[in-house]
Amino acid sequence: QVQLVESGGGLVQAGGSLRLSCAASGLVFSAYAMGWYRQAPGKEREWVASISWAGSSTVYAEAVKGRFTISRDNAKNRAYLQMNSLEFEDTAIYYCAACLSGWRDCRPGYWGQGTQVTVSS
């Protein structure tokens with residue numbers, strides 16, 4: 001049974017930082033590209049960033065480029081999202097996903113339960 005468990009969310013002031021973690025089990029983690037998504041209240045879920053199987057390639061949504069960094073540690077079966085210079089508009093539930101496709105066009109096959117990030121202005 002595949003499980004993705006996010007952690008690291010919380011309340012932070014604008015301009016602050018958070019690091020999200022995604023712990024994976026039940027799958028060959030290194031065989032999957034990974035992605036982070038988010039869903040703000042009243043909005044559809046949107047893609048944030050993706051990373052390739054080995055972690056050598058990454059891609060970001062324009063809204064977070066230069067502020068967020070996606071990474072992974074295949075030895076620990078974990079993916080991360082470092083979020084700096086947080087803005088009020090970054091407030092959302094953040095989800096990690098294992099991609100069934102490549103990292104450039106992640107098609108999520110498995111989802112975590114999400115972790116809430118709230119940025120106060």
Side-chain angles (χ1 to χ4, degrees):
Q1 180 182 356
V2 175
Q3 280 194 317
L4 301 175
V5 180
E6 301 94 336
S7 61
L11 174 64
V12 62
Q13 287 189 329
S17 299
L18 282 174
R19 187 192 193 208
L20 305 184
S21 179
C22 172
S25 62
L27 76 171
V28 181
F29 183 70
S30 59
Y32 288 84
M34 296 296 294
W36 284 94
Y37 292 74
R38 66 186 182 185
Q39 187 166 17
K43 295 187 177 181
E44 293 187 353
R45 190 173 300 188
E46 64 175 359
W47 166 77
V48 174
S50 299
I51 188 167
S52 61
W53 306 270
S56 56
S57 299
T58 58
V59 61
Y60 298 90
E62 284 297 321
V64 306
K65 196 175 293 184
R67 300 187 298 121
F68 290 12
T69 302
I70 187 172
S71 62
R72 67 189 296 161
D73 185 337
N74 286 346
K76 295 182 178 180
N77 285 1
R78 285 183 178 265
Y80 304 96
L81 186 68
Q82 177 68 44
M83 305 186 295
N84 298 329
S85 302
L86 282 161
E87 303 170 354
F88 177 76
E89 292 74 19
D90 295 318
T91 296
I93 300 173
Y94 283 72
Y95 301 88
C96 72
C99 309
L100 295 181
S101 58
W103 55 278
R104 286 191 179 274
D105 59 345
C106 176
R107 285 190 295 112
Y110 305 101
W111 291 99
Q113 84 291 348
T115 185
Q116 176 71 48
V117 171
T118 303
V119 183
S120 61
S121 57

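- Counting only distance, with no hydrogens or angles, the side chain of Trp47 and the backbone of Ala49 share a donor-acceptor pair below 3.5 Å.
- The structure places CD1 of Ile70 at 12.0 Å from CE of Met83, a figure rounded to the nearest 0.5 Å.
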Next on the checklist: Would Phe68 and Leu86 count as a side-chain contact (heavy atoms from CB on, under 4.5 Å) here? Give the steps.
Outcome noted: CA-CA 9 Å; Phe68 290 12; Leu86 282 161; 3.9 Å; yes

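- Counting heavy atoms from C-beta on, the side chains of Gln116 and Thr91 come closer than 4.5 Å.
- Using a 4.5 Å heavy-atom threshold, the side chains of Ile93 and Tyr95 count as touching.
- Both Leu100 and Val2 are members of a single hydrophobic cluster when ILVMFWY side chains are connected at heavy-atom separations under 4.5 Å.
- You'll find the side chain of Tyr60 reaches within 4.5 Å of the side chain of Thr69, heavy atoms only.
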Can you give each donor-acceptor pair under 3.5 Å made by side-chain atoms of residues 20-39, sequence neighbours left out, with the distance rounded to 0.1 Å?
residue, atom, partner, partner atom, Å
Ser21, OG, Arg78, NH1, 2.7
Trp36, NE1, Tyr80, O, 3.3
Tyr37, OH, Cys106, O, 3.3
Arg38, NE, Glu46, OE2, 2.7
Arg38, NH1, Asp90, OD1, 2.9
Arg38, NH1, Tyr94, OH, 3.0
Arg38, NH2, Glu46, OE2, 3.2
Gln39, NE2, Lys43, O, 3.1

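- Side chain of Arg67 to main chain of Ser85: a donor-acceptor pair is present (N/O by atom type, distance under 3.5 Å, no hydrogens or angles).
- Not a single donor-acceptor pair under 3.5 Å links the side chain of Gln13 to the backbone N or O of Ser120.
- Remark: the backbone N or O of Ser52 is not paired with any side-chain donor or acceptor of Ser57 at under 3.5 angstrom.
- Shortest non-hydrogen contact noted between Asp105 and Ser101 is O-OG, 2.6 Å.
- Taking SG of Cys96 as the reference point, atom CD1 of Ile51 lies at 12.5 Å (rounded to 0.5 Å).
- Of all the heavy atoms in Asn84 and Ser17, the pair that sits closest is OD1-OG, 2.9 Å.
- One distance of note links CD of Glu6 with CG of Leu81; it measures 11.0 Å at 0.5 Å rounding.
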